[in-house]
Amino acid sequence: MSPEEPPAAEQLALIRATTRKAKAKPRTWRGAQLAEGLPVARVLVDKGLLHLDQFFDYAVPAAMDADAQPGVRVRVRFGARVVKGRREGGTLHDGFIVERRADSDYAGPLAPLAQVLSAEVVLTPPLLSLCRHVADRYAGALADVVQLAVPPRMARAEKDPSPDPLPAPAAPEPGSWSRYATGPAYLQALARGDTPRAVWLALPGPHWPAELARAIGATLASGRGALAVLPDGRSAARADAALTELLGEGRHVMLTADAGPEERYRRWLAVSRGAVRAVVGTRAAMFAPVADLGLVALWDDGDSSHAEPHAPQPHARDVLLLRAAEERTAFLLGGLTGTVEGAQLVDSGWALPLAAARDQVRAAAPLVRTVGDADQARDAAARAARLPSLAWQVTRDALAHGPVLVQVPRRGYVPRLACDSCRNPARCAACAGPLELRERGGTPSCGWCGRPAADWHCQECGGFRLRAQVVGARRTAEELGRAFPRVPVRTSGRDTVLPSVGAAPALVIATPGAEPVAEGPGYAAALLLDGWALLNRPDLRAGEEALRRWAAASALVRSAGEGGTVLVLAEPTLRPVQALVRWDPAGHAVRELAERAELRFPPVSRMASVSGPAAAVAELLALVRLPPDTDQLGPVPTPAGGERLLLRVPPGSGAALAAALKSGQVARATRGGGDPVAVRLDPTDIG
DNA sequence: AGCACGCCGACT
DNA sequence: GTCGGCGTGCTC
């Protein structure tokens, strides 16, 4: 409180007086004893309504004075009305106190806090500030972001005290970081309290979890905290194990969904209370309130699970970038391959590349061979058995030395069709959507508009035979199993994901992302059978994604020096295939970035998608004052029957675009405005 | 979003 | 004359 402000009691009397003048109604809290010092609590009401994205002031009853601190959870009545001088109705809502104040700038009578749910301070000022920034960045409501950032309360977990914090560990040795030219220097910078920012292309092989752990350990050694976000429970568990091996128990927690809500909240509290300084976890851990954060790390940012599905759909990479800036931390974006966003961080000079020299890459990577369409066409055996003879040969040779990984497309991939003679994708004559075959032997139909295409002919070459490219990959894997009857077949996919397999010869059939780690030196070989399925997705990221998935599988294979071989069934001339063969993910990302820049695609521009009923979209558009350099793309009709509009601005205008859209949304909602419009910033799924 | 109040048509 | 249509407006 500043010295010129009158004491709280006087202020409150002032409120009372002005209110009485305005309404001449008695105070609803008349008779209730209020807190003496700061009788007003500013509350974030947990109601995800955009035009209510503001704080509300409540009176603090004296009995709640001590517990009603900023950051605690409260319950308040909201939406009540005054009837004959009494408050009536109003439903109970959860909320958080964000501030205690001497006075309110609200002229009306303040309702009292209904209840302080717990004295535990969970929405700390830095966490609130982060949530505010994320909400602004995504044109979303603060309450929505807070809901993502603060786990639900589990009373039992709150009762238990958190362990005492351990002293900072000694700085770790560089270990396998020595394989990277600037690796040891990066660790040293972390250990002495600097904030180095790097985009790290990890060498294939099993060392990256230990390397991530050492980066965290180095940060802890500087007396600061560290946070690493990984795309799934399996990779988080690997990082967790590496961290336990490096630092022992007690210096870090793993925040993942599979711990269960109570245990998860217990760990979150240990972080929030400052008892634990290091966190590894999945997406939701990006908000973990690590005290004195020194490093944020993100593993494999191309994985789609880093995009939060709940409103306002923040991406872990963006949240961690915001934290790195706001909390002035070091930054480590790691993966076996990179994304265009990562390449852009390097290109802009914000981060430095952290990559190994060519000789280290050659020492770590497997031999990658390709089988393209032309090879397959020449290969009579392939047509009979649906698998090129090179694949049989590689598998037979490798099974003598260890397990063989077979990467097959995910079940449920609807097979897309192509022209049998020219291989161009088969398109719908009415809407140019991709043709699909829903059932074998059935009539192909359009994946977008659903029209059957009984009399299809190719627009490119006039051919009239269709080719179902994906059908059979899984069956091919089954055939492989029958061909090697003495070799056990293990499968790992959506429902049953194997974390690891032994070093003995086996055929391991896995869908992308579910590949088990092979113990010992790794797989003797990998067959990547899903090239066509991966490369033909109608997605801006199809190439990046194909390379990411192939590299993930290939990194589990032993190095070329140890006889490791990868065979990918895809055209060797395609950019991602070449990048895999040469193991040059950095070059691939740089070329993708250049292409995006040329086409002014994200992330070289910033985009927002606005979708909903046509009238509502038009109304919002008329209401917003877009940045002057906004490009408007569309609107185009959506499958839901509405329209979608893309708005594109240069990189520097992203915040202005978000702010404009948010105020437009608020204005529309306030004017009782009709059908809702969905606004998404940097949507991940625009074709 | 709910849930009020508020000024114009068909019913007891 | 009243019941009630859902068109604006507020919620501490």
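Order of the sequence lines sets the chain letters (A, B, ...), proteins ahead of strands, with each chain counted from 1.
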Separation of [N] [atom2] from [X] [atom1] (nearest whole Å):
X	N	atom1	atom2	result
A:Arg101	C:dC12	CZ	C1'	12 Å
A:Phe56	C:dC10	CZ	P	12 Å
A:Phe78	B:dC3	CZ	P	13 Å
A:Gln54	C:dT11	CD	C1'	9 Å
A:Asp105	C:dC12	CG	C1'	10 Å
A:Phe55	C:dC12	CZ	P	16 Å
A:Leu92	B:dC3	CG	P	14 Å
A:His93	B:dG2	NE2	P	9 Å

- Where DNA chain B forms stems, i.e. three or more consecutive Watson-Crick or G-U pairs with both distances under 3.5 Å: B:1-11 with C:1-11
- If you look only at pairs with a residue in residues 295-317 of chain A, which of them pass as a salt bridge (charged side-chain N to carboxylate O under 4.0 Å, His left out), with sequence neighbours excluded?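 Those involving residues 295-317 of chain A are A:Arg283-A:Glu308, A:Asp300-A:Arg548, A:Asp301-A:Arg317, A:Asp303-A:Arg548, A:Arg317-A:Glu341.
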- Task: Identify, with sequence neighbours excluded, every residue that meets side-chain contact (heavy atoms from CB on, under 4.5 Å) alongside A:Thr638.
- Result: A:Ala640, A:Arg644
- Stacking check: are the rings of A:Tyr106 and C:dC12 less than 5.5 Å apart at their centres and under 30 degrees in tilt? yes
- Verify, without hydrogens or angle tests, whether A:Thr630 (side chain) and A:Leu647 (backbone) share a donor-acceptor contact under 3.5 angstrom. no
- Query: Base, sugar-phosphate alone, or nothing: which one does A:Arg77 contact when heavy atoms must sit under 4.0 Å apart?
  - Reply: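 The residue A:Arg77 makes sugar-phosphate contact but no base contact.
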- Task: Mind checking salt bridge (Lys or Arg N to Asp or Glu O under 4.0 Å) for A:Asp232 and listing every partner two or more places apart, or none if nothing turns up?
- Result: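 A:Asp232: no salt bridge (Lys or Arg N to Asp or Glu O under 4.0 Å) contacts found.
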- Task: Any side-chain hydrogen bond (donor to acceptor under 3.5 Å, both in side chains) involving residues 647-657 of chain A? Give me the pairs, sequence neighbours left out, ordered by first then second residue.
- Result: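 Residue pairs passing side-chain hydrogen bond (donor to acceptor under 3.5 Å, both in side chains), neighbours aside: A:Asp629-A:Ser653, A:Asp631-A:Arg648.
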- Enumerate the residue pairs fulfilling ring pair (Phe, Tyr, Trp, His ring centres under 6.0 Å) with a member in residues 265-299 of chain A, sequence neighbours excluded, ordered by first and then second residue. A:Trp200-A:Trp299, A:Trp208-A:Trp299
